[in-house]
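The structure appears right after this line, and notes come after that.
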Amino acid sequence: MALVPLNLLVSHDGKSKRQHVTCVHKCGNACSKPAPNKSDNEYFGDIAKAVSRRSILQAGGVAVLAVGAGSALAACSNNSQPAPTTASSSPAAAEPPPGMKFASVAPNSEDAVVVADGYEQGVVISWGDPVLPDAPKFDVTKQTGASQRGQFGFNNDFAGLLPIEGQDGRFLLVTNFEYATPQFMFPGYNADAPTRDQFDVEIAAMGMGVVEVERAPEGGLRPVMGRYNRRITGDTPFTLTGPAAGTDFVKTAADPTGRTVLGTIANCAGGVTPWGTVLSGEENFHSYFGAPEGSPPPGPVDADRQDRYGVALEPSELKWETFDPRFDLAQTPNEVNRFGYVVELNPWDPNSTPVKHSAMGRLKHEGANIYITDDGTVVAYTGDDERFDYMYKFVSTRKMQPGNDPAAMANNLAILDEGTLYVAKLSSDIPAGEIDGSGKLPAQGSFAGSGTWLPLLKSGPNGQAESLVDGITAQEVAVFTRMAADKAGATKMDRPEDFEANPKTGKVYVALTNNDERGAAGEAPADAPNPRNDNKSGQILEITDNHAGTDFTWELLLVCGDPAAADTYYGGFDKTKVSPISCPDNLAFDSHGNLWISTDGNALDSNDGLFAVALEGPNRGETKQFLTVPLGAETCGPVVTDDIVTVSVQHPGENDENSIDDPQSRWPEGGNGTARPSVVAVWKSGGQIGV
């Protein structure tokens, strides 16, 4: 194992390890372009001077209602919570809490999944493995669109593990497939002249998948050719619901009603709902659309809208527009407006039509996760994963009905179409002079403050809606949500990604991955929730929310990066006793209430990994690495149960200097095998995770 000494990391000068090739295909190379948010929202420091810090809200305890990376939660009490522990008041740490009693994995650069001592691992399923009965075995030299439609997709991200009632040890593994990287899919790929056959494979490799899995005798998981197995691709029909449906913004010649969209693409994180469905976020959809050189520009209004979403009237990297006119912005300008939504899939009905919920807004959704209040109100949290973009929540009007009878399911499947969409505005009474962009802790010992959820859109039955932003129609808010949030005055954040609510406390956590443009010329300066300029390693935000209301308080749990550097903060815990963590991405909770974090783009010269973090008591902020993923890979979609952990290993071996013909990685096959994105299970023979 190649260990990374901490003293090599103190300079904190490193950038995210994400490769250029990953940026090009995953996010349309957004990090090399100006951030789309050009709004002049009020500078946070000016707000801080005028706002008195509010007292910490009291939130109810919660009970877990579903298993998966996305917590589905219900409030059940009004027990008060202790005030946050700061660096100055932290008592002496005890032994690690239950769920975190394992030996930390050291930073490394192995081409393997490295797990904590005493734990075992195994691949569950990989790109190209058959999902449907008629699908062929994977052969990288013989991939076709037809075969890929029956196989596990490429670059799996989110994963949810849903128990099958009455079948102990059997689950539905529901995943999404974020993006295609053709030079790591097709031997001899020519980026200047992609083929129709390659396009057919790429569009079939995206979307979502449902696979039955069962516990294997050795303790891991193995796929089963079950009756629920299904593939959703980049051209599977979806129903568009909510205020955007049927409007002129989404109508096309192929769909003059504006209600049936083909496919879902660029799916990132997601969540499991308490009514048994799975949510997924359409994130960097913009990069799949292009136009021939010299195409006439749109009018100024449309140009502003396209710019706000990073859409460019130029040839795309994958050149899908040359194979299907719906991806040609010059021929079908409205098609791009049909992507960027939270999608919902009912994995228990293989014949169901998945849905895109426009009432939850159109943005670059990392995912969506659900919290249920004690009266059945559904609150869905979602982040817009781009530099200087925003945090949102949707509060339902309908109440959740328990059970899976037809009436309850009909009600619950409409919950995310009726309610109010909000965007977050944060404030703090920390003196502006104490936020200088260095990350130095303020005098009070932690970064903390309060906030307000600003209303944007109220949606009702059958797509009826009311705009809550002056001068913008309800339909415009649903389709061009970013612009409505700009006008409302939301707070610019450092790439808000996954949101999760703690099943023990109801507190909500947000992964803010990084933002190397924070404090740059012409960009927003550091503020209390985003306290570092040139932020390479990100932070974790903790929110105590009045879930169905509009007020909240917040505190930074972690300011990530090298523990030996002055600009990092681990919840007040002794930084000499933590695992270094950088670029948090996806979040999950174990049954003990510990937060688990997967990383993407580790800026500390080590492979990405999965970490557990203690949240309460003297160990608050203790961070321990449970596993690392192979060279070039990202850790995605963690699921943490008492007896098994799964992670999605995305883009192994993806490196600027390599390709499928000259690979950096051959994980998981080894030998002369092909690097393949996969789901991995980790377990402890005869024992529970972290106990």
Side-chain angles (χ1 to χ4, degrees), residues 20-21 23-38 145 178-183 189-207 233-235 238 240 244 247-256 258 260-267 282-341 356 362-364 386 476 479-483:
H20 176 71
V21 62
C23 289
V24 168
H25 293 289
K26 187 182 182 79
C27 62
N29 207 20
C31 54
S32 68
K33 301 173 182 176
N37 190 349
K38 300 303 179 185
E178 187 175 6
Y179 70 102
T181 318
Q183 54 267 57
Y189 179 74
N190 181 354
D192 295 325
T195 69
R196 174 73 200 208
D197 289 342
Q198 290 165 347
F199 163 75
D200 290 340
V201 172
E202 289 165 2
I203 201 166
M206 293 192 191
T233 68
D235 51 15
F238 278 68
L240 180 63
T247 67
D248 289 342
F249 299 125
V250 298
K251 292 178 179 177
T252 66
D255 176 27
T260 301
V261 180
L262 295 184
T264 185
I265 54 177
N267 291 85
E282 294 182 319
E283 192 186 36
N284 291 300
F285 59 90
H286 66 290
S287 61
Y288 296 90
F289 295 85
E293 294 282 5
S295 296
V301 173
D302 289 334
D304 287 346
R305 289 167 173 167
Q306 289 185 0
D307 288 346
R308 188 62 182 86
Y309 286 85
V311 177
L313 205 68
E314 61 189 26
S316 68
E317 183 70 27
L318 292 178
K319 299 180 174 57
W320 279 14
E321 66 273 14
T322 65
F323 303 112
D324 188 335
R326 71 188 179 105
F327 296 103
D328 187 331
L329 292 162
Q331 294 191 55
T332 319
N334 278 355
E335 187 71 21
V336 71
N337 296 337
R338 294 149 65 89
F339 294 85
Y341 300 100
K356 298 193 179 193
R362 175 173 167 264
L363 40 117
K364 294 182 181 178
E386 191 137 35
E476 288 172 327
V479 180
F480 307 108
T481 312
R482 282 182 163 184
M483 303 179 86

Which is it for Asn337 and Arg305 under the side chain to side chain contact (heavy atoms under 4.5 Å, CB included) test, yes or no, and what are the steps along the way? CA-CA 10 Å; Asn337 296 337; Arg305 289 167 173 167; over 6 Å; no
Which atom pair, heavy atoms only, marks the closest approach of [X] to [Y]?
X      : Y      : answer
Pro194 : Tyr189 : CB-OH, 3.7 Å
Arg362 : Val479 : NH1-O, 2.8 Å
Ala291 : Ala330 : CB-N, 4.1 Å

Would you say Gln198 and Pro182 make side-chain contact, with heavy atoms under 4.5 Å? no
Is there a side-chain contact between Lys364 and His286, using heavy atoms and a 4.5 Å cut-off? yes
Scan the side chains in residues 260-267 for donor-acceptor partners under 3.5 Å anywhere in the protein, sequence neighbours excluded, and list what turns up.
from	atom 1	to	atom 2	distance (Å)
Thr264	OG1	Asn267	OD1	3.0
Thr264	OG1	Asn267	ND2	3.2
Thr264	OG1	Glu282	OE2	2.7
Asn267	ND2	Ser280	OG	2.9

Could you tell me whether a side-chain N or O of [X] sits under 3.5 Å from a main-chain N or O of [Y], the two making a donor and an acceptor?
X      : Y      : result
Thr233 : Asp235 : yes
Arg482 : Arg308 : yes
Arg326 : Thr332 : no

Just to verify, what does Phe249 make a ring pair (Phe, Tyr, Trp, His ring centres under 6.0 Å) with, not counting sequence neighbours? Phe480
Quick note, ring pair (Phe, Tyr, Trp, His ring centres under 6.0 Å) partners involving residues 301-321, not counting sequence neighbours, are Phe199-Trp320, Tyr288-Trp320, Trp320-Phe327
For Ile203 and Phe323, run side chain to side chain contact (heavy atoms under 4.5 Å, CB included): C-alpha distance rounded to whole Å, both residues' side-chain angles, the deciding distance at 0.1 Å, then the answer. CA-CA 11 Å; Ile203 201 166; Phe323 303 112; over 6 Å; no
Residues in side-chain contact (heavy atoms from CB on, under 4.5 Å) contact with Asp197, at least two apart in sequence or another chain: Thr195, Asp200
Who pairs with Gln331 by side-chain hydrogen bond (donor to acceptor under 3.5 Å, both in side chains), at least two apart in sequence or on another chain? Asp328
Can you name the residues that form a side-chain hydrogen bond (donor to acceptor under 3.5 Å, both in side chains) with Asp255, not counting sequence neighbours? Thr257, Arg338
Output, in order, the C-alpha distance, side-chain angles, deciding distance and verdict of side chain to side chain contact (heavy atoms under 4.5 Å, CB included) for Lys251 and Asp248. CA-CA 5 Å; Lys251 292 178 179 177; Asp248 289 342; 3.6 Å; yes
Under the criterion salt bridge (Lys or Arg N to Asp or Glu O under 4.0 Å), I'd like the reasoning laid out for Lys319 against Glu202: C-alpha separation, chi angles, the key distance, then a yes or no. CA-CA 11 Å; Lys319 299 180 174 57; Glu202 289 165 2; over 6 Å; no
Any chance you could lay out the ring-ring contact (aromatic ring centres under 6.0 Å, His included) test for Phe339 and Phe289, step after step, and finish with the verdict? CA-CA 11 Å; Phe339 294 85; Phe289 295 85; 5.8 Å; yes
Could you go step by step and tell me if Glu317 and Ser287 meet the side chain to side chain donor-acceptor pair (under 3.5 Å) rule? CA-CA 8 Å; Glu317 183 70 27; Ser287 61; over 6 Å; no
